2 protein chains.
Amino acid sequence: MRTPPQRGRRQGRTTSRELILGSARKLFAEHGYAATSLREIARDAGVDPAMVHHWFGGKEELFNACVELPADPAQVLGHVGELPAELRGEALLRALLTLWDSPAQPALLALLRNVTGSKAQAALIRQVLFKRMLALAMAGLPGSAAELERRGVLVASQMIGLMVARYLLRAEPLASAGHDELAALIAPVLQHYLTGPLPGTGSAVPGTGHG
Amino acid sequence: MRTPPQRGRRQGRTTSRELILGSARKLFAEHGYAATSLREIARDAGVDPAMVHHWFGGKEELFNACVELPADPAQVLGHVGELPAELRGEALLRALLTLWDSPAQPALLALLRNVTGSKAQAALIRQVLFKRMLALAMAGLPGSAAELERRGVLVASQMIGLMVARYLLRAEPLASAGHDELAALIAPVLQHYLTGPLPGTGSAVPGTGHG
DNA sequence: GCAGTAATTCACCATCTGATGAATTAAAGC
DNA sequence: GCTTTAATTCATCAGATGGTGAATTACTGC
C-alpha cells in the first residue's frame, strides 16, 4: 500500500501544456477572463496550478496563448478582396463561418467573450478586427474612405451580431443553421451594406468620385 | 489637530445608496461583473465596503439592482406591435435607440456586458430578450410561428450587433451617429428581416397561411 | 430631551487569488 | 552509468475578495 509516486516528471510524452491550453480555452470562453481562475483551469486539466506558470508564465500570457489564432485572418479573408464586388457579401460571410466552425473556434470564443468584456487588449483587438480584417474584405471597392469606413462598420455590426447570437447566446434557429441557410438569409444584407444604396451616398457603387 | 469624527451616521440627507448604485453601474459596465470588486465600487463611491452589504446584501443583489431597468420594456416597445407591418423596422430601431440614450443606459450597458459574459442570469435574460421583447415587436405579423421566430432572431442579431458596435466597442462612425442617420442606414435591413422575402418562405408578408 | 432606529465605519474572518522556490522524479546527452 | 536538463508537485507567500458583528454617530417619534 505504498502511495504511488506523485511528485516529479511523468513517464512518456508530456501533454500538460496542451491539456492546460484546452481547459483554459474552454473556461475562458465559458466564464470570461476575470471569472476564470488558474486553479480552476489546472483542476480541469488534471494538473498542478504551478504548471500553468511553468508553461506560460502567468494568467495574462496564458490568455494570450489561448487566443493566438491557429489560422491567419489574412489567409482566410485574402481571396475575398479579389472577388468582384457583388460576390463579396456571401464570400465574406462564408469565410467567417468557415473560420468559426474550425479548430479555431475555442480561441475565437474566448476572444469574443473578452472583446465585449473590456480587457486591456480589447483596444488592440478592435483595431485588428476593424482596420485590418475589414480593410482586406473591402479592398478595391469604389467610394471615398469615409464611405467605405461607414459601409465597413455596418458590415461588422451585422457580423458581430450574428456571431454573438449564434455562438455566444446560441439562439435558435441561428445556432444550428447550416452555412448555406445562413448565407441565404444574411449575405444579402451584407451585400447591401457593401455595395447597396446608402443615405448620404449618391448611388450604389458609383464608378467615379463621390459627388 | 483632532481627527474629525468618521464613524457614525452623517449629517443631512443620506446619498450612499445612490452613490453606490452609480459607481456600481459604471464599473460593472466598464469591467464586467467578475472583474469588479465590491471594494473598488465602495472606493469609487467614497464609501465603506460594508455599506454595500448594508444597502444591498451582497454582490449578486447589487448587480441585480444595477440592471433593474428604470423603464419597462413593454412600455417602450408596446406601441411598435400596433403599427402596420411596414413601419415596424424603423419604429423598433428608434425605440431601442431611445431606450439606450436615456437614463437607462448604464443599466443596459452593465446588462449587455454580462449577457455576452456568462453569468447564471444570462439564460433568464436571453429568454426575456428573445421571447418577450421580440414577441411584443412581432405581435400580429403574418406567418407561421417558426417563420416568425426566424425573422425575430435575425432582427435581434442585427440589433445586438448594432448595440455592441455602438455602445461596447464604440466603433465610429456608428458610435456618434444620430438616431436619424442610424434609422436611415439600418431600419431598411430590420424591415427586410421583418417582412421582406426570405429563403424558405414563399413570399413576403403572405396574407394567409404558410403554404 | 429622551429612547429607539437608521446610517456609517472599523476590525476582523475564512477563503481564494496569482505567484514563487524548493524538492522530486524522469528523460536526454554523452 | 553518470550528469545535466526538463517536467511535475508541494508548501507557502502576500494580497485581495466577499462577508459579518460590533461600535459610533445622527436623525425621528414622542
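Naming convention: chains lettered A, B, ... in sequence-line order (proteins, then strands); numbering from 1 in each chain. Only a predicted model underlies this, so the values are computations on that prediction, with no experimental measurement involved.
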With salt bridge (Lys or Arg N to Asp or Glu O under 4.0 Å) as the test, would you mind laying out the steps for A:Asp180 and A:Arg94 before giving the verdict? CA-CA 8 Å; A:Asp180 291 340; A:Arg94 285 188 183 272; 2.9 Å; yes

Quick one, A:Glu172 with B:Arg150, criterion salt bridge (Lys or Arg N to Asp or Glu O under 4.0 Å). Give me CA distance, side-chain angles, the key distance, then yes/no. CA-CA 8 Å; A:Glu172 293 297 352; B:Arg150 198 160 55 147; over 6 Å; no

Ring-plane angle category for B:Phe28 and B:Phe63, please: parallel below 30°, perpendicular beyond 60°, tilted otherwise. perpendicular

Rounded to the nearest angstrom, tell me the gap between atom [atom1] in [X] and atom [atom2] in [N].
X       : N      : atom1 : atom2 : answer
B:His53 : C:dT8  : NE2   : P     : 16 Å
B:Ile20 : D:dG18 : CD1   : C1'   : 14 Å
B:Glu60 : D:dT17 : CD    : P     : 17 Å
B:Met51 : D:dT24 : CE    : P     : 17 Å

Ring-face cation of B:Lys59 near B:Tyr33 (centre distance under 6.0 Å, axis angle within 45°): yes

Distances under 3.5 Å between protein N/O atoms and the N/O atoms of nucleotides 12-17 of chain C, please, pair by pair.
| unit_1 | atom_1 | unit_2 | atom_2 | d |
| --- | --- | --- | --- | --- |
| C:dT17 | OP1 | A:Ser37 | OG | 3.2 |

Phosphate-side-chain proximity, [X] and [N], N/O vs OP1/OP2 below 4.0 Å:
X       : N     : value
A:Thr14 : D:dT8 : yes
B:Ser16 : C:dT8 : yes
B:Trp55 : C:dA6 : no

Ignoring the backbone of A:Asp48, work out which of D:dC10, C:dT9, C:dT20 is nearest its side chain.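 For the A:Asp48 side chain, the nearest candidate turns out to be D:dC10.
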
Looking at D:dT24, C:dA19, D:dT20, which one has an atom nearest to any side-chain atom of B:Arg7? D:dT24

I'd like to know if the side chain of B:His179 pairs up with that of B:Asp101 as donor and acceptor (distance under 3.5 Å, no hydrogens or angles considered). yes

Testing the 3.5 Å rule here: is there a donor-acceptor pair between the side chains of A:Glu86 and A:Thr195?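 Note: A:Glu86 and A:Thr195 side chains miss the donor-acceptor criterion.
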
Shorter than 3.5 Å, N or O on both sides, protein versus nucleotides 27-30 of chain C: list them out with atom names.
| unit_1 | atom_1 | unit_2 | atom_2 | d |
| --- | --- | --- | --- | --- |
| C:dA27 | OP1 | A:Gly12 | N | 2.7 |

I'd like to know if the side chain of B:Gln191 reaches the main chain of B:Ala85, judged simply by a donor and an acceptor atom lying under 3.5 Å from each other, with no hydrogens or angles considered.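 Between the backbone of B:Ala85 and the side chain of B:Gln191 there is a qualifying donor-acceptor contact (under 3.5 Å).
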
Does A:Asn64 form a side-chain contact (heavy atoms from CB on, under 4.5 Å) with A:Phe56? I'd like the steps, not just the answer. CA-CA 9 Å; A:Asn64 288 340; A:Phe56 298 93; over 6 Å; no

Comparing B:His54 and A:Glu61 on DNA chain C - which has the more 5′ nearest nucleotide: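 Counting from the 5' end, the first nearest nucleotide belongs to B:His54.
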
Less than 4.0 Å between a side-chain N and a carboxylate O, is that true for A:Arg151 and A:Glu147?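 Looking at A:Arg151 together with A:Glu147, the answer is yes, because their closest N to O distance falls below 4.0 Å.
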
